[in-house]
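All values below were derived from every heavy atom in this structure, side-chain atoms included, with hydrogens, water molecules and symmetry-related copies excluded. Chain letters run A, B, ... following the sequence lines, proteins first, then strands; residues in each count from 1.
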Amino acid sequence: MPKYEPGAIEPKWQEIWRTERIYEPDLDRAPRPFYNLMMFPYPSAEGLHVGNMYAFTGADIFGRMKRMQGYDVFEPIGLDGFGIHSENYAMKVGVHPMDQAAKAAPRFYGQLAAIGNGFAWDERVETYDPEYYRWTQWIFVQMFRKGLAYRKTQSVNWCPKDQTVLADEQVEGGKCERCGTEVVRKELEQWFFKITDYAERLLKGLDGIDWTEKVKIAQRNWIGRSEGALIDFPLAAGAAGAASGAASSQGLGNKSLRVFTTRPDTLFGATFMVVSPELAERWLRAGWQASEEVKKYVKESLTKRELERIDEGKEKTGVPAGLAAVNPATGKEIPVWVADYVLGNVGTGAIMAVPAHDERDFAFAKKFGLPVVQVVAEETGVLTGSGRFDGMDSEKAKREITKLIGGERKVQYRLRDWLISRQRYWGAPIPMIRCDACAAAGKGERADMPGWYAVGESDLPVILPRIENFRPTGTGVSPLGTEKSFYEVKCPACGGHARRETDVSDTFLDSAWYYLRYLDPKNDTAALNGARVAKWLPPENDGPMRLYTGGAEHSVLHLLYVRFVAMALHDWGLVAFEEPFKKFRAHGLLIKDGTKMSKSKGNVINPDEYITNFGADTLRMYLMFLAPFEQGGDFRDAGVLGVERFLKRVWAYAETLVPAEDAGKVKSAAREPAPAPAPAPAPAVAPALHRAIKKVTEDIENLHYNTAVSALMILLRAIEEGKGSREEFTVFLKLLAPFAPHLAEEIWRGRFGNAASIHREAWPAYDPAHLAGSAITLVFQVNGKTRDAVETESSIGEEEAKALALGNRKVQNALEGKTVKKVIYVDKKLVNIVA
RNA sequence: GCCCGGGUGGCGGAAUCGGUGUACGCAGAGGACUUAAAAUCCUUAACCCGAAAGGGUUUGUGGGUUCGAAUCCCACCCCGGGCACCA
């Protein structure tokens, strides 16, 4: 009997599958499309991590079952190769990013092939391919033309190590999410996408999609909708100590100070105002003659590192502005302060401070001797100290008070616009041209952005040139800004000297639309608008037509951007759907010995070693077995052995079913008889078989792979003990196929001599009539405590069961000296005697 | 601080429209095969007392509801993740 040698059979079948193209659906004619998409990896290190394998295998098993259920499963793969992480890795190993990408691709694809997934290899994409980023740039052009891309100078997050700006989403606790360096503030002019225009739709859309709840919650929090009011506080003469008198004389004009609040019902309690350093800065630039103390404070606040400002959150700082404002509810003058606990980019950049009803205001007031109250009550209730509103409910008072003082009700979002520009090399060049002459003449493609022109569609892609000084300059100018041949262009309007935009776009733009590109990778027409998209991504959600799988760490980055871009494409009439992924499931995190795997801890699992030592099938199956897929779990070497033993037993049992003369011979497809009708299994194995079909099918559908593997183990045991027939074993083999595709194929074709792949066979169906055997286990309890369990006929009736229980010796022992009060019967399950 | 998960044998984990707690696997113990080892197979296996029969205890802690609670309710503790001066 030949040995089970995964090292030999796995590459063999991978090669045959590829040649036979069994995982390549006909994208134009597939009758039952199922888009099984998984987040593609970014090739930023030596190779794929076992965590990637975990994610891909889990998604692949789902797709494999769907394929066997008759769906045309499309499971593409590719590389998210642009971006800071890939570029940083290239610099670390001292290779040009372009060369590194070329080197990484075969390595990554090789690993992805080795795990044995049913990828549609022909459709792979790499985001750094000019034919790919042509359309990334095309999307940018559309964003510009539709008014969704704009430039703005603002204080942005700057990573001193990566020497580029970061989106808010890429800053974690004041540090760069890539390298952990403390982020600083920097004033720069940058490109933004107006994702905030879509805040409400991004929020509402979540209600209609089937996503991991955790991710939905994260997105809701990130969008952060809050209802409130805009209220104007007229600025008055400086009762708070401004020697120079009225505000107007301080160079501010007869302005009023506008604030946003979610609690207009607390307006009567507003005893001072606070202006953010950012707003104060704007005032100063507009000519506000503030004290030296204010100027100094503003300057210091704005140059502080993000982290310092967060750290000081407990101990608040601030200075009096030397201004006073009038509380429109009470008519009283209240002082204005400048303090950095108020953020410049939230609301109006200024607040009304209500120490009685806001912890932060209270803390600030206490420190500077401003409070008149001893305790804070943040919760809503019934108003007091609010004149004629006393006794009114908070909710009603919010509306009434806003109305009274002429405030404007407003919904505000925490979400900020998407900062697109990156001052790096390894990304898609932003396809824009700037002409100073046109700008001076007030001309431009868009009236609100004089001097700016999008690169014409026929001129796309704007090719990223190979330059040797690709390293970040650190000056806020992209490396492409040193390349004359790149940036010197003619103005598309006036023909004069113009300058090409030298920043590249955020990598998240690359990955915000790749799912569309897969549907048309080789054509030069936009994938975005094809018939294939309508076929594979219909707007309606009837049935399990698509599944997106990936890590929960992308909850608010990728998964928000991809929805935004889809909504924009929808609005431009390019795609019928608004939500690209009707169903999304996040896999859990794989850990090692109780902690996150990381290079610094030296506990990173290299999947290649396991594939070499145990085989891909064993690794796949172990990964699925170790914990619930959506929960993640602990990778332990010892556990791999159990799965390896199981697969060896599968192999050994299969060998007992191979007739000596059949072994190794492969019948031709032409002579293959029609599939036999469902076999009538031997009584011993039948219930186990049907139970397993039900369990494995349902478990895969719910991504409960760990219990599906367990069910397969139980079934194999039943087959071994019941001496299951080849027909019965074949059912088992089909259930096993998604988990151990190579082994199943080797037995099916190599050993049993079938011509066509098992992965194209029909998924087994179970017969409910066969689920239960004739015997059931009846449990006897006394006062809820189990005393005995007996095997009995499943036809047993209530009275019979009760009699059986009362006559049971162990039950009688437990009942000694007690009177039976009540007997509870649960049909065919248990009898509980209350005594 | 707020929002999500989650606490079950020596270990990973099963079982939640309330009904035999610990499936499946790992490690352990005993045995078979072998000159021996590896591999493989069989048996055993929550914990405590007991030679056994049997009895008692147990799903983070404390209460509650119920004939019956890992599961439902209340309070609390611990771990993991996310957000965080968002007005």
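In this structure, the CZ atom of A:Arg649 is 11 Å from the P atom of B:rC24, given to the nearest Å. Summarising the geometry, the separation between CD on A:Glu213 and P on B:rC3 is reported as 15 Å, rounded to the nearest angstrom. Rounding to whole angstrom units, CD of residue A:Gln219 and P of B:rG81 are separated by 21 Å. Distance CD (A:Gln781) to P (B:rA69): 9 Å, rounded to an integer number of Å. The distance between atom CD of A:Glu721 and atom C1' of B:rU43, rounded to the nearest whole Å, is 13 Å. One atom, NZ of A:Lys316, and another, P of B:rA87, lie 14 Å apart when rounded to the nearest Å.
The backbone N or O of A:Ala350 sits less than 3.5 Å from a side-chain atom of A:Thr348, completing a donor-acceptor pair. Side-chain atoms of A:Asn327 do not come within 3.5 Å of backbone N or O of A:Phe233 as any donor-acceptor pair. Judged purely by atom type and a 3.5 angstrom limit, A:Arg416 uses its side chain to pair as donor or acceptor with the backbone of A:Arg414.
Each of B:rC42, B:rU20, B:rA23 was ranked by its minimum atom distance to the side chain of A:Ala789; first place goes to B:rU20. Listed candidates were B:rA27, B:rG19, B:rA87. Nearest to the side chain of A:Thr262 is B:rA87. Among B:rC4, B:rA84, B:rC24, the nucleotide with an atom closest to any side-chain atom of A:Trp222 is B:rA84. Here B:rA27 is the nucleotide among B:rG80, B:rG19, B:rA27 with the atom lying nearest to any side-chain atom of A:Arg645. When distances are taken from the side chain of A:Phe260 to each of B:rC85, B:rG12, B:rA87, the shortest belongs to B:rA87. The side chain of A:Tyr341 lies closest to B:rC85, out of B:rG68, B:rC85, B:rC3.
Nucleic acid contact class of A:Ala638 (heavy atoms, under 4.0 Å, all strands): sugar-phosphate only. Counting non-hydrogen atoms under 4.0 angstrom, A:Arg787 reaches the backbone sugars and phosphates but no base. Across all strands shown, A:Lys810 has heavy atoms under 4.0 Å from sugar-phosphate atoms exclusively, and none from any base. Within 4.0 Å (heavy atoms only), A:Val346 reaches at least one base atom of the nucleic acid. Here A:Ile824 lies in heavy-atom contact (under 4.0 Å) with a base. Residue A:Leu626 is classed as a sugar-phosphate contact, given heavy-atom separations below 4.0 Å to backbone atoms only. Within the nucleic acid shown, A:Asn706 comes within 4.0 Å of sugar-phosphate atoms alone, with no base atom in reach, counting heavy atoms only. In this structure, A:Thr348 reaches neither bases nor backbone, as no heavy-atom distance under 4.0 Å exists between it and the strands shown.
Under the ring-ring contact (aromatic ring centres under 6.0 Å, His included) rule, A:Phe368 has a single partner from A:Trp337, A:Phe272, A:Tyr341, A:Phe362, which is A:Trp337.
Base pairing of B:rG21 is not made with any nucleotide, judged by Watson-Crick or G-U wobble geometry with both donor-acceptor distances under 3.5 Å. Nucleotide B:rC83 forms a Watson-Crick or G-U wobble pair with B:rG1, both donor-acceptor distances falling under 3.5 Å. The partner of B:rC41, taking Watson-Crick or G-U wobble pairs whose two distances both stay under 3.5 Å, is B:rG31.
Mapping A:Phe625 and A:Val556 onto RNA chain B by nearest heavy atom places A:Phe625 at the nucleotide closer to the 5' end.
In B:rG9 the O4'-C1'-N dihedral to the base is within 90° of 0, which defines a syn nucleotide.
For B:rC67, the base has no donor-acceptor partner in the side chain of A:Lys821 [N/O atoms by modelled type, under 3.5 angstrom].
With sequence neighbours excluded, the residues satisfying side-chain contact (heavy atoms from CB on, under 4.5 Å) with A:Asp617 are A:Tyr4, A:Glu10, A:Arg620, A:Leu647, A:Ala740, A:Pro741, A:His742, A:Leu743.
Annotation: cation-pi pair A:Arg563/A:Trp222 absent, no NZ/CZ under 6.0 Å from the ring centroid and within 45° of its normal.
Using atom C1' as the reference point in both B:rG80 and B:rG31, the two lie 43 Å apart (nearest Å).
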